[in-house]
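These notes are about the structure you will find just below.
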Amino acid sequence: MPHTAIADQPDESHHPTKFIWKYIWSQDHKVIAIQYAVTAIFVGLIALVLSGLMRLQLGFPNTFSFIDPSAYIQFVTMHGMIMVIYLLTALFLGGFGNYLIPLMIGARDMVFPFLNMLSYWVYLLSVIVLLASFFVPGGPTGAGWTLYPPQAILQGTPGADWGILLMLLSLAIFIVAFTMGGLNYVTTVLQARAKGMTLMRMPLSIWGIFVATILGLLAFPALLVSAIMMLFDKLIGTSFFMPALVSMGEQLDYSGGSPILFQHLFWFFGHPEVYIVALPAFGMVSDVIATHARKNIFGYRQMVWAIVAIGGLSFIVWAHHMYVSGMNPYFGFFFATTTLIIAVPTAIKVYNWVLTLWKGNIHLTTAMLFAIGFIFTFTHGGLTGLFLGNVVVDLPLSDTYFVVAHFHMVMGVSPIMVLFAAIYHWFPKITGKHLHKGMGNAHFWVTFLGTYAVYLPMHYLGFLGVPRRYYAMGDTDFIPDSAQTLNASITVAALIVGLAQLIFIFNLLHSLRKGKPAGANPWGATTLEWQTEHTPPRHGNWGTHLPEVHRWAYDYSVPNAKDDFIPQNVADQDVVMVAVPETAPLDVSQQAIDLGPGEPS
Amino acid sequence: MSLLKTLAEKPWLPPMAGAGFAPPHGLIPSAAGRTALKFFIAVASVIFFLLTITFLSRTQYPDFQALAGEPWQPFSNTSQLWLNTAILLLASIALRWGVVSSRQQNLGQITIALVAASLFSMMFLFAQFAVWQQLYSLGYFVSSNPANSYFYLFTGIHGLHLLGGLVALARCTVLFTTRRDCTQLNRGLALCRSYWDFLLLIWLFLFLLLTLSSASYRAIAVLCGF
Amino acid sequence: MKIALALIFLVVLSVVFHLVSPWYLTPIASNWTAIDDTISLTFWVTGLVFIAVNLFLAYVIIRYRARQGTKAAYEPENKRIEIALTVVTTLGVAAMLAPGLIVWDEVISVPEEAHVVEAIGQQWQWTFRLPGDDGQLGTVDARLVTVTNPFGINPTDANGQDDILVDSNELHLPIDQPVKVLLRSKDVLHNFAVPQFRVKMDLVPGTTTYLWFTPTRKGSFEILCEELCGLAHFTMRGRILVDSAEDYQQWLGQQPTFSQSQQVVAGNPEQGQVAYTMCAGCHGQQGEGNQTLNAPKLAGMGHWYIARQLSYYQQGIRGRHEKDIYGQQMAPMAALLAQPNAIADVSAYIQSLDSGPATDTLGGDPERGQGFYYTCGTCHGAVGQGNRGLNAPRLAGQHDWYIKRQLQNFKQGIRGKHKQDVYGVQMLLMSNILQDEQALNDITSYINTL
């Protein structure tokens, strides 16, 4: 139902004043965004601790008696699932999507604020159900985050009784939450843009979030369907995915089902999911780079096309996760081709980020450092994807640590680099305070160099043939002992990176109270969210008048303009120009740089 | 094609005459509702589409026994299903009537239409449940054959979607009884009507799909390249 | 500035690491050098892009960082650059894809002359089957799997009667002969992977998958399961021995056919009782065991387990390790059971003996032990009853000092390290989760309560 309560009404009477309505049962997209973000970061920290425990076992096997084989694969499973779904998806779309969409397109709120609030609380419920699985008999499921049947629901896998049920239930609840949020995001982008905000004038952040949301809406049903069917198999004894089999020496009643069918469904969701995380990251990093390089994004149209193309192609590449799954081998030709085609628009995005910096006026703020770090890690992760996407090259590498290293580079480190860039970039708008730069830079350097120390060598363990999801390698003929030394060093690096995140958390809390005041537009950015009357923006965002948009989102360093940025809501006649550009160009740039972004040291 | 035209715009240049601008007054509630519903219908369609694909591939496994085709199979006689279809159709018609009468602000007709729509919808759900019971009493349990499993799964998910629609319809009704705002009701009912039409279409499709014979499944599977 | 230097440093580091890394593809032992070549090609293409993009990025940061009086250029797009980059990228992608697809076509096209081997996965073991003289494998069905027909072969299918069964995780293959490996699973997904052969494929219950290769180097190669298959996934190891054609034929001749495996006569407990008198001296009249003589309890152990251990002793698979003092005592005794059916008979008799509960002599903490036992119970049964389908012996009722010693033996590689000890590798890996003496005492105390 359309719910227009405050979407377009500046009427003060709608603004809640009581704490509980303002901060808990809030329908304000900014509060909901923060609720999403805090919850996601909280579960993300749990997943980070789980990864630390896994690394302890791998780096120093037979040392920690509480990590037994079942605990290990339970950690693997929960780490993966939490990071992919409950942290990355929720933080990018529920967190940044919620915060940025109305502000960047000039709306007062989401179109359906009540639904938006409901979306958060349902998401929280899914998180609670998920975490509850740590406390049920048998613990959480240890089926791997891919939850492949038959083993996911059979004895011999930890959590096959309760853990898997809670996992599937939690996923179903999450999908409901996501759908409520997602319908809101797409509708808001399509229907609630401010006057003059044409689609092609939208910042790339919105494009990324918008297309990612559509992907999510169309891809999550596949996960929902597979979760429901697996629940049927587990609880009612149907045979959707379960063939006749002998489990633990016992004949079971299943017959005729197809485990590969599940994999098709799962990856029909799972591959777009990669881009559900990546596209918002692509968009947001574009805006961070353009703002801090004081230059328009290079090839804006190509960037939009690439986002749309990647979104479309992402639905026809899923089976590259299944080259060795036993599916019809002829699929390999098709999916290898589509997969390598998707590399082209992705590469164009990388080129355009670099070319945006080229001839720019680069301010190495913390946000910019993370953005540059992202370009590096994403290039690395994207290129190793060309190994795995090419079906024959995948043969020796699939299911080894090469895969683990690849997807952590491309889907773990890279989006998280963007998340950090985004947090350092938008924190001043969200709170009105700057994050501490020294701590921010320290956080960047440890995270950037540390993660590379973790994942670069890990690729080579994969070349060696070390399989993933192994509790312990034991003695083998073909793996040299030095591999264990490598593993130990990876663990040390990983623990350092993990601990470095404490700097970040401390910085957040510290700056929230004692950070330097940021002002309305500390970076000199053009997009609408920096042009609000108040910082942080109040409920309803825009005071009495909605902004009117007169230009695209990237009017940085426009020739002859006095400032090196022209906000989107400034009309042509209001732009302050400098006189006689031909004769005194140096003076022009001098003035421009003085008005450029400043950052407290 | 307008999308391609939009994507080809060069936003850094001054807008050409007639360039499409976003609505000058911000949000139009009915448009927002329609957009959201379109996307929701897309989401639901994906669910049924994926289930259909998996169903069609499952029909080709040796243990699959179609529910129709041979005289002793339960859906060789589809009269009960036709009856259910008629009930859902009536619900859909009642909603159309509700849209018209709310536009005309005819309170009496609105009431009848609303009651009829919800009543027929609930009747449909009960009738579907009756089909389940009938199958169950004939020994067609959920897990005894994939065709049965899919029948229960398909109709169950379809029923849940209708139930969700009923919640929305109830909300419209409650808002109307408190506010007596015919425009708002009209907006809501128009969305319900589209949603009910969608569910009716899905049901007709499921009806067709689930009552085919093994030979027809084979033909479709060959056609789709399974 | 620092960030630009860091980028340059990381690029150099990556290249150097790649060049000097001792960790790289294991030396190939199959015909799939084309796969390695595709990897090298991919490395060249992606490596050049990686170096070019990041060094350019570093240059740009140095050259265009904000200084006094600098201003950015204004250039919304540059079609020439965009098109050039798109074309170059497309060419690079095509250069990798085309050879890849050609090789893939070879990978999925099995040569006519390939001989067939079936690899069967189950949690967490490998077994193998080869066609007999008729060159055809018999039909199979998971529903036919029983303890006496673990391969699930259809007994009414004439083609299956002469199928050669390898009830071991060790498979021999003749060198330089292409082999098509059919893959079948009894329970969950597994994956057949031998790093040196490069190819791998999942085993999917309910269907048969395949891969093919030609072994080109003699030696012993490990099979790893590379698809998560449950708790003990990491212990699911097998071995392929690539032999000369003669050695292979000799090995093949020693393997039983299906019909032979079905004709094995069950042991006769009465015969066994006679033979048991020589065991009773140490193990006790009722097989109750004797701590002073270091003889474990035998009563109630499955005949299949006793039989396997006796033949291990006979073949020197167990009881040969220099530190296995008690095993060395047992080996000559086992050798006395030389008559064809002697082992089966005595094993049958031992199984028929009644087993009572054992007394706790180590005083561990059973509650803590229960925590460890979850892993053990997956195979050995929730109450330690053993599971023949998984070849896991009974634990309940066994003396704690014996279990503890065996666990220590496994941990130190005194037991289970022999390559023919089929299930030894599982216990080698699993015993390591018990990291100290206390843990051993605790778990044995818990087993005592079962």
Side-chain angles (χ1 to χ4, degrees), chain A residues 62 65 68-70 144 150-151 156-157 243-247 249 259 294-296 299 302 324-326 329 332 340 343-344 347 351 354 357-363 372 379 383 386-387 390-393 395-396 399 460 463-465 467 469-471 474 476-478 557-559 589-590 592, chain C residues 3 21 23-26 35 38-39 42 46 50 53 57 60 64-66 69-74 76-77 82 85 89-90 93 96-97 100-101 103-104 108 123 142-143 145 186-189 195 198-202 204-206 209 222 224 226 228 230-231 234 375 387 389 429 432-433 435:
Chain A
N62 311 329
S65 62
D68 62 17
S70 45
Q151 59 112 3
T157 297
L245 52 82
V246 189
S247 172
R294 317 306 302 151
K295 185 163 170 265
N296 62 71
Q302 286 79 7
V324 299
S325 71
L340 265 67
V344 177
Y351 302 146
V354 179
L357 293 171
W358 180 55
K359 295 188 187 172
N361 188 22
I362 302 168
H363 293 256
I372 292 169
T379 306
L383 290 171
L386 290 167
F387 286 74
N390 201 351
V391 53
V392 279
V393 182
L395 278 180
D399 289 310
Y460 289 83
F463 278 120
L464 264 183
R469 291 169 167 174
Y470 263 35
Y471 168 75
T476 62
D477 295 341
F478 64 97
S557 306
V558 177
S589 37
Q590 187 63 46
Chain C
I3 182 73
S21 164
W23 309 288
Y24 198 57
L25 290 168
T26 49
I35 292 182
T38 330
I39 293 182
T42 311
T46 58
F50 175 73
V53 168
L57 177 62
V60 163
Y64 296 105
R65 70 185 190 281
T70 52
K71 189 177 178 185
Y74 185 83
E77 66 182 25
E82 298 276 353
L85 286 172
T89 309
T90 310
V93 162
M96 288 181 287
L97 179 65
L101 294 184
V103 179
W104 178 243
I108 63 177
Q123 286 171 322
R143 300 198 172 286
V145 173
K186 288 195 241 173
D187 40 35
V188 303
L189 300 172
R198 301 294 189 259
V199 281
K200 63 167 69 101
M201 190 52 72
D202 275 6
V204 183
T209 54
E222 281 171 290
L224 302 170
E226 295 199 1
L228 181 58
L231 183 67
F234 69 107
T375 309
N387 186 336
L429 288 161
N432 280 328
I433 69 173
Q435 279 152 10

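Each chain gets a letter, A, B and so on, in the order the sequences are listed, and its residues count up from 1. Note that this is a predicted model, so its numbers are computed, not measured.
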Contact winner vs chain A - C:Leu97, C:Leu57, C:Thr90, heavy-atom pairs under 4.5 Å: C:Leu97
Shortest non-hydrogen contact from C:Pro76 toward A:Asn296: CA-OD1, 3.5 Å
C:Trp104 side chain to A:Pro329 backbone, donor-acceptor under 3.5 Å: yes
Partner chain C: residue of A:Gly326, A:Ala343, A:Gly144 with the largest heavy-atom pair count (under 4.5 Å): A:Gly326
Region of C:Val93 that comes under 4.5 Å of a non-hydrogen atom in chain A: both
Proximal component of C:Leu224, with respect to chain A [non-hydrogen, under 4.5 Å]: both
Heavy-atom pair count under 4.5 Å with chain C, highest-scoring of A:Trp358, A:Tyr351, A:Tyr470: A:Tyr470
Top of C:Ile39, C:Ile3, C:Thr89 for chain A proximity - count of heavy-atom pairs under 4.5 angstrom: C:Ile3
Whether C:Lys200 side chain and A:Pro396 backbone form a donor-acceptor pair below 3.5 Å: yes
For A:Phe478 against C:Glu222, the heavy-atom pair lying closest together: CD2-OE1, 3.7 Å
Portion of A:Pro150 that has a non-hydrogen atom of chain C nearer than 4.5 angstrom: both
From C:Thr46, C:Thr42, C:Val53, residue fulfilling side chain to side chain contact (heavy atoms under 4.5 Å, CB included) relative to A:Leu383: C:Thr46
When C:Val199, C:Leu25, C:Thr209 are compared by non-hydrogen pairs under 4.5 Å with chain A, the top option: C:Leu25
Closest contact, heavy atoms only, C:Pro205 versus A:Pro243: O-CG, 3.3 Å
Shortest non-hydrogen separation from A:Gly249 to C:Asn387 and the atoms involved: CA-OD1, 4.4 Å
Close side-chain approach of A:Phe463 and C:Trp23, heavy atoms under 4.5 Å: no
C:Val103: which of A:Val392, A:Val391, A:Leu395 passes side chain to side chain contact (heavy atoms under 4.5 Å, CB included): A:Val392
Which atom of C:Thr26 lies closest to which atom of A:Leu464, heavy atoms considered: CG2-O, 3.4 Å
A:Asn361 side chain to C:Thr70 side chain, donor-acceptor N/O pair below 3.5 angstrom: yes
Interface moiety of A:Ala347 toward chain C, non-hydrogen atoms closer than 4.5 Å: side chain
Residue part contacting chain A, namely of C:Leu228, when any heavy atom lies under 4.5 Å: both
Whether A:Tyr460 and C:Tyr24 hold their rings parallel, tilted or perpendicular, with breakpoints at 30° and 60°: tilted
Closest contact, heavy atoms only, A:Ser325 versus C:Met201: N-SD, 4.3 Å
Options A:Val558, A:Asp477, A:Ile372, ranked by heavy-atom pairs under 4.5 Å with chain C, top entry: A:Asp477
Chain C interface, residue from A:Gly465, A:Gly360, A:Gly474, A:Ala244 that has the most non-hydrogen pairs under 4.5 Å: A:Gly360
Residue part contacting chain C, namely of A:Asn62, when any heavy atom lies under 4.5 Å: both
Heavy-atom side-chain contact between A:Val324 and C:Asp202 under 4.5 Å: yes
Heavy-atom contact with chain A under 4.5 Å, split by part of C:Thr375: side chain
Any donor-acceptor N/O pair, A:Asn390 side chain to C:Met96 backbone, under 3.5 Å: yes
Segment of C:Ser21 engaging chain A (4.5 angstrom heavy-atom cut-off): side chain
Backbone of A:Pro467 reached by a side-chain donor or acceptor of C:Glu226 within 3.5 Å: no
Contact class of C:Leu429 relative to chain A, heavy atoms under 4.5 angstrom: side chain
Point-to-point distance, once rounded to the nearest 0.5 Å, from CD of C:Gln123 to CG of A:Leu245: 9.0 Å
